[in-house]
Asker: 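After the structure tokens below, expect a handful of questions from me.
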Number of protein chains: 2
Amino acid sequence: MVQDSIRVLQAHGHKLTKPRRLVLEVLEENEKPLSPYDIQGILRTRGKYLNHVTIYRTLDLLCNLNLAHRMLSSGGFIKCSLDSTEGCHRFMVCQNCGAIQEFADKELCQEENDFAQNFGFHTEHHLSEFSGFCSQCYRKQPQLAE
Amino acid sequence: MVQDSIRVLQAHGHKLTKPRRLVLEVLEENEKPLSPYDIQGILRTRGKYLNHVTIYRTLDLLCNLNLAHRMLSSGGFIKCSLDSTEGCHRFMVCQNCGAIQEFADKELCQEENDFAQNFGFHTEHHLSEFSGFCSQCYRKQPQLAE
DNA sequence: AGCTAATTGCAATATTGTTGCATTTAGCCT
DNA sequence: AGGCTAAATGCAACAATATTGCAATTAGCT
């Protein structure tokens with residue numbers, strides 16, 4: 001929810017401005033990654049104008065607060081749908097339809113941290129991107145998965 | 001090894017050209033992510049010139065063959081050090097010194113795939129980036145990990 | 001050595017990202 | 001409600017990164 005993000009924003013002492021609300025709304029409505037200029041374009045179709053610099057700065061902020069993430073596969077930004085206190089984000093990207101889902105699993109997360117620890121690496125955050133086929137696309141076109 | 005990459009390259013019917021060999025060598029020597037222009041700069045200091053377009057195209061190719069990866073954290077490219085047949089790449093990035101290590105673990109990889117499967121997602125590849133502190137930096141400056 | 005498709009370099013252009021500074025505004029305080 | 005101030009935005013200019021079409025070159029064949 002946008003409301004949740006706004007709460008986090010304010011809890012960290014940041015102002016709730018119109019541009020920030022607009023960017024959050026656009027991200028919320030789109031489950032696919034968007035570039036800063038994508039966001040600007042979407043807003044323009046609604047008669048709202050935001051300078052691209054503002055969008056860049058807003059996205060920076062959201063990423064720092066772990067409210068958004070930049071996807072590796074596309075370079076676009078996506079709003080995190082899950083509480084991020086664990087510092088672990090796991091996205092599944094469908095190669096066919098492009099849909100993205102975010103998942104959390106404390107156990108798996110812990111296992112990954114333990115794994116890293118075995119190599120002497122102290123993990124702060126981790127980010128995983130799975131690419132493959134969502135259940136719908138897999139059912140429709142199983143040959144794609146070959 | 002560069003030799004291994006060359007073998008994969010050729011096995012896929014691509015030519016082994018001087019530019020490709022140079023890019024592979026530079027990536028191999030650097031354990032940190034490099035941008036296309038970084039690579040161009042490094043080569044220039046050795047009196048070798050490659051057009052940036054060529055470097056972009058070479059990196060595209062290497063990524064498609066899973067011989068290199070683009071890192072999320074920096075946007076730079078890094079050569080994969082491990083056999084990539086499993087389609088699973090796990091990088092640990094030290095927030096302090098920037099060093100990157102790649103790890104493979106079939107079991108953990110399998111667990112991750114199973115996890116996705118529980119949500120009906122059929123995984124083809126996955127890529128994880130851990131950010132934190134390598135053992136050296138953690139030992140030297142444990143307060144950083146707070 | 002010669003052939004040919006693949007690859008490279010070049011030039012031009014498009015896209016994406018950054019910086020400094022003047023103007024505006026959210027949130028606070030009367 | 002009106003005023004204050006630090007934070008945030010917009011603007012302009014610029015810097016860095018990425019893409020495209022096409023002519024010249026070259027790797028890997030016979």
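Order of the sequence lines sets the chain letters (A, B, ...), proteins ahead of strands, with each chain counted from 1.
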Asker: So, is the end of the B/Arg139 side chain (NZ or CZ) under 6.0 Å from the ring centre of B/Phe133 and within 45° of the ring's axis?
Answerer: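 Verdict for B/Phe133: no cation-pi partner in B/Arg139.
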
Asker: So how far is it from A/Tyr138 OH to A/Asn96 CG, rounded to the nearest 0.5 Å?
Answerer: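 Rounded to the nearest 0.5 Å, the OH-CG separation comes to 13.0 Å.
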
Asker: Compare side-chain N and O positions of B/Arg70 against OP1 and OP2 of D/dA18 and report whether any pair is under 4.0 Å apart.
Answerer: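 So the side-chain polar atoms of B/Arg70 do come within 4.0 Å of the phosphate oxygens OP1 or OP2 of D/dA18, strictly under.
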
Asker: Is any NZ, NE, NH1 or NH2 atom of the basic residue among B/Asp60 and B/Arg57 found under 4.0 Å from an Asp or Glu carboxylate oxygen of the other?
Answerer: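 A salt bridge is absent here (no side-chain N lies under 4.0 Å from a carboxylate O).
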
Asker: Please report, rounded to the nearest Å, how far the P atom of D/dA7 is from the CG atom of A/Asn64.
Answerer: 16 Å

Asker: May I ask you to check whether A/Phe119 and B/Phe103 place their ring centers less than 6.0 Å from one another?
Answerer: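 Yes, the ring of A/Phe119 comes within the 6.0 Å limit of the ring of B/Phe103, centre to centre.
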
Asker: Please report the distance, rounded to the nearest Å, between CZ in A/Arg20 and P in D/dG10.
Answerer: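 Roughly 11 Å, once rounded to whole Å.
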
Asker: Between D/dT9 atom P and A/Leu43 atom CG, what is the distance in whole Å?
Answerer: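 From A/Leu43 CG to D/dT9 P: 13 Å.
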
Asker: To the nearest angstrom, how far is B/Leu22 atom CG from C/dT7 atom P?
Answerer: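 Rounded to the whole Å, the gap is 16 Å.
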
Asker: Given atom CD1 of A/Ile39 and atom P of D/dT9, what is their separation to the nearest angstrom?
Answerer: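 Distance check: A/Ile39 CD1 to D/dT9 P gives 13 Å.
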
Asker: Would you call the rings of A/His14 and A/His12 parallel, tilted or perpendicular, where under 30° means parallel and over 60° means perpendicular?
Answerer: parallel

Asker: Given side chains that start at C-beta, do those of B/Arg21 and B/Ile6 come closer than 4.5 Å, heavy atoms only?
Answerer: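 Yes, close enough: below the 4.5 Å cut-off.
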
Asker: Look at the rings of A/Phe130 and B/His126 and say which category their plane angle falls in: under 30° parallel, 30 to 60° tilted, over 60° perpendicular.
Answerer: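 Plane angle under 30°, so parallel.
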
Asker: Using atom names, set out every protein N or O paired with an N or O of nucleotides 28-30 of chain C below 3.5 Å, distance rounded to 0.1 Å.
Answerer:
none

Asker: Would you give a per-nucleotide map of nucleotides 19-30 of chain D, 5' to 3', where B means the base has a protein non-hydrogen atom under 4.0 Å away, S means only the sugar-phosphate does, and - means neither?
Answerer: BB------BS--

Asker: Kindly give the cluster partners of A/Tyr37, where membership spreads through any ILVMFWY side chain lying under 4.5 Å from a current member.
Answerer: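 Besides A/Tyr37, the cluster holds A/Tyr56.
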
Asker: Using whole Å, report how far CG of B/Leu61 lies from P of C/dT7.
Answerer: 7 Å

Asker: Considering only NZ, NE, NH1 and NH2 on the basic side and carboxylate oxygens on the acidic side, decide whether B/Glu29 and B/Arg46 come within less than 4.0 Å.
Answerer: yes

Asker: Could you check A/Phe77 against B/Thr58 and say which one's nearest nucleotide on DNA chain C is further toward the 5' end?
Answerer: B/Thr58

Asker: Measure from CG on A/Leu9 to C1' on D/dA8 and round the result to the nearest Å.
Answerer: 12 Å

Asker: Whole Å only: how far is the NE2 atom of B/His12 from the C1' atom of C/dT7?
Answerer: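 So the NE2-C1' distance, B/His12 to C/dT7, works out to 18 Å.
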
Asker: I want to confirm an ordering. Mapping B/Gly75 and A/Pro19 to their closest nucleotides on DNA chain D, which one lands closer to the 5' end?
Answerer: A/Pro19

